[in-house]
Amino acid sequence: MLEKKLFLIFGNPVSHSKSPLMHNLSFQNLGVNSCYSKYKLEDENQLRDIFFNLDISGANITVPFKKKAFDICDYTDSYSKKFNSVNTIIKKYDKLFGYNTDALGFLESISHIPKNSKILILGAGGTAQSTSIILRENNYLVTILNRGRERLNIFKNNGFQTYTFEDFPSDGQYDLVVNMTSAGLKDNLLPAPIEILNQIIPKSKICIDILYGKNTPFLEISKKYGKKIQNGSNMLLFQGILAFQYFTEHKFKYDLIKKHMKRAFI
Ligand code: NDP
């Protein structure tokens with residue numbers, strides 16, 4: 001029998017992650033001799049060394065290490081190069097290969113939203129960067145609203161309309177409002193001041209929080225306004241299937257992996 005391969009998810013926090021359940025269910029049911037666990041990373045500068053010291057075959061990288069993951073790879077794919085953000089790493093021939101499956105995962109999770117819809121993304125971190133570009137490439141009209149000014153520069157340089165809480169216009173109207181901040185992950189904070197949310201949510205058609213596994217304050221408010229809501233479970237599932245294909249060298253078809261992986265969400 002082939003040697004058992006080890007895969008990890010690096011993050012901080014990481015205890016909430018569903019990825020081990022998703023990948024282990026798929027490994028078991030597809031007869032792959034591998035296992036997947038969690039690693040709470042304290043110092044991002046150790047990421048590359050840990051990869052080699054623990055002899056792991058691959059990993060997912062979650063908040064807040066996706067930029068660092070991009071930096072430590074020897075080779076990166078075209079998607080991750082567009083956003084300097086890697087969420088999936090494979091170790092092959094003692095080299096690290098980095099990919100980004102978040103953006104495609106999010107795109108698939110909103111396949112029911114018509115093209116040309118106006119989307120307001122709350123947040124300007126790694127996930128917002130990768131998804132904004134892919135959404136624009138797929139003819140969605142994307143605006144970015146972020147707490148701080150600094151992370152908006154990369155969006156501005158890429159031609160996106162950007163705002164901070166201070167200069168956000170009161171007449172803004174968006175079909176879809178998406179929370180892509182990490183507000184709500186370790187706390188119960190809203191991703192933007194309540195005054196702004198009270199202004200944009202009522203005029204929207206659907207609100208999405210890409211967090212999963214908890215009822216976030218952002219989705220609570222959206223529900224109160226009677227909006228359709230969606231959490232991050234589908235995005236997580238879709239990005240996970242794509243990562244699994246990299247982990248198993250594309251031996252399994254997307255729909256077959258989906259059949260097993262989605263049981264983690266029952
Ligand atoms: P980053 O650390 O790269 O970026 C965090 C962003 O959140 C920044 O724009 C930051 O703003 C903003 N932010 C943080 N705290 C607050 C707050 N209290 N109020 C307002 N804004 C805040 O994170 P990622 O982009 O990697 O991830 C964002 C979230 O998406 C995480 O919660 C992660 O778990 C989730 N996620 C879910 C996925 C899924 O499959 N469902 C996949 C990927 C991510 P500032 O610039 O001002 O600091």
Side-chain angles (χ1 to χ4, degrees), residues 9-23 38 40-41 44 60-71 79-80 83-88 99-110 120-134 143-156 160 162-166 168 177-197 208-214 216-219 221 229-244 261-262 264-265:
I9 177 159
F10 292 98
N12 192 351
V14 75
S15 58
H16 68 289
S17 176
K18 236 184 184 12
S19 294
L21 181 60
M22 289 159 52
H23 286 276
K38 299 174 193 178
K40 186 178 175 196
L41 187 63
E44 64 174 18
N60 285 124
I61 321 296
T62 187
V63 70
F65 303 120
K66 292 179 190 174
K67 167 73 173 71
K68 186 68 184 177
F70 175 81
D71 292 339
Y79 274 123
S80 42
F83 346 112
N84 293 358
S85 168
V86 156
N87 78 324
T88 302
Y99 307 93
N100 187 300
T101 67
D102 281 335
L104 284 170
F106 182 74
L107 183 69
E108 185 165 350
S109 79
I110 63 152
L120 180 68
I121 293 183
L122 309 176
T127 315
Q129 282 172 37
S130 55
T131 43
S132 59
I133 301 217
I134 212 162
T143 301
I144 313 292
L145 172 62
N146 194 48
R147 176 180 64 178
R149 202 166 289 279
E150 201 184 318
R151 292 197 221 223
L152 289 175
N153 289 331
I154 188 164
F155 292 88
K156 269 191 207 152
F160 286 98
T162 66
Y163 298 104
T164 62
F165 301 155
E166 286 72 40
F168 186 69
V177 182
V178 191
N179 177 23
M180 281 194 189
T181 74
S182 42
L185 181 62
K186 292 189 211 171
D187 48 51
N188 269 322
L189 295 174
L190 287 167
I194 186 73
E195 298 76 20
I196 292 185
L197 297 177
I208 298 181
D209 198 319
I210 66 162
L211 275 176
Y212 60 89
K214 70 187 273 195
T216 63
F218 172 70
L219 287 188
I221 295 189
I229 58 165
Q230 185 177 317
N231 69 23
S233 297
N234 275 346
M235 175 183 183
L236 181 73
L237 173 64
F238 300 144
Q239 65 74 33
I241 297 169
L242 297 169
F244 191 89
M261 201 173 264
K262 75 178 187 194
F265 296 86

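Counting starts at 1 for both ligands and their atoms, in listed order.
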Between atom [atom1] of [X] and atom [atom2] of [Y], what is the distance when rounded to the nearest 0.5 Å?
| X | Y | atom1 | atom2 | value |
| --- | --- | --- | --- | --- |
| N60 | F10 | CG | CZ | 10.5 Å |
| K66 | E44 | NZ | CD | 14.0 Å |
| L104 | L242 | CG | CG | 6.0 Å |
| I61 | D102 | CD1 | CG | 11.0 Å |
| M235 | L107 | CE | CG | 10.5 Å |

Give the atoms of ligand 1, by number and element, whose distance to some non-hydrogen atom of [X] is under 4.0 Å.
| X | answer |
| --- | --- |
| L189 | 18 (N) |
| G123 | 9 (O) |
| L211 | 32 (O), 34 (O) |
| K66 | 26 (O), 43 (C), 44 (C) |
| G148 | 47 (O) |

Positive for side-chain contact (heavy atoms from CB on, under 4.5 Å) with P217, one of L197, I194, N188 |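 That would be N188.
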The side-chain contact (heavy atoms from CB on, under 4.5 Å) partner of T131 among I110, N100, I121, I210 is I121
Test item, A124 contacting ligand 1 (heavy atom, 4.0 angstrom) = yes
Would you please test T181 and R147 for side chain to side chain contact (heavy atoms under 4.5 Å, CB included) and show each step?
-> CA-CA 9 Å; T181 74; R147 176 180 64 178; over 6 Å; no
Judged on heavy-atom distance to [atom], which of [options] sits nearest?
| atom | options | result |
| --- | --- | --- |
| atom 13 (N) of ligand 1 | T181, N87, D102, L236 | T181 |
| atom 45 (P) of ligand 1 | Q239, R147, M235 | R147 |
| atom 14 (C) of ligand 1 | G232, A128, S182, S17 | S182 |

Protein contact to [atom] [nearest heavy atom, distance to 0.1 Å]:
| atom | result |
| --- | --- |
| atom 20 (C) of ligand 1 | P191 O, 3.2 Å |
| atom 27 (O) of ligand 1 | T127 OG1, 3.4 Å |
| atom 28 (C) of ligand 1 | M180 O, 3.4 Å |

Examine the proximity of ligand 1 to I210 and report which part, side chain or backbone, both or neither, has a heavy atom under 4.0 Å away.
->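 The part of I210 near ligand 1 is both the backbone and the side chain.
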Residue portion contacting ligand 1 (non-hydrogen atoms closer than 4.0 Å) for R151 =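 Near ligand 1, R151 shows its side chain, while the N, CA, C and O stay back.
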Does any N/O atom on N146 come nearer than 3.5 Å to any N/O atom on ligand 1?
->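 Yes; at least one N/O pair falls below 3.5 Å.
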May I ask you to decide if the ring planes of Y212 and H16 are parallel, tilted or perpendicular, using 30° and 60° as cut-offs?
->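 If you compare the ring of Y212 with that of H16, the planes turn out tilted.
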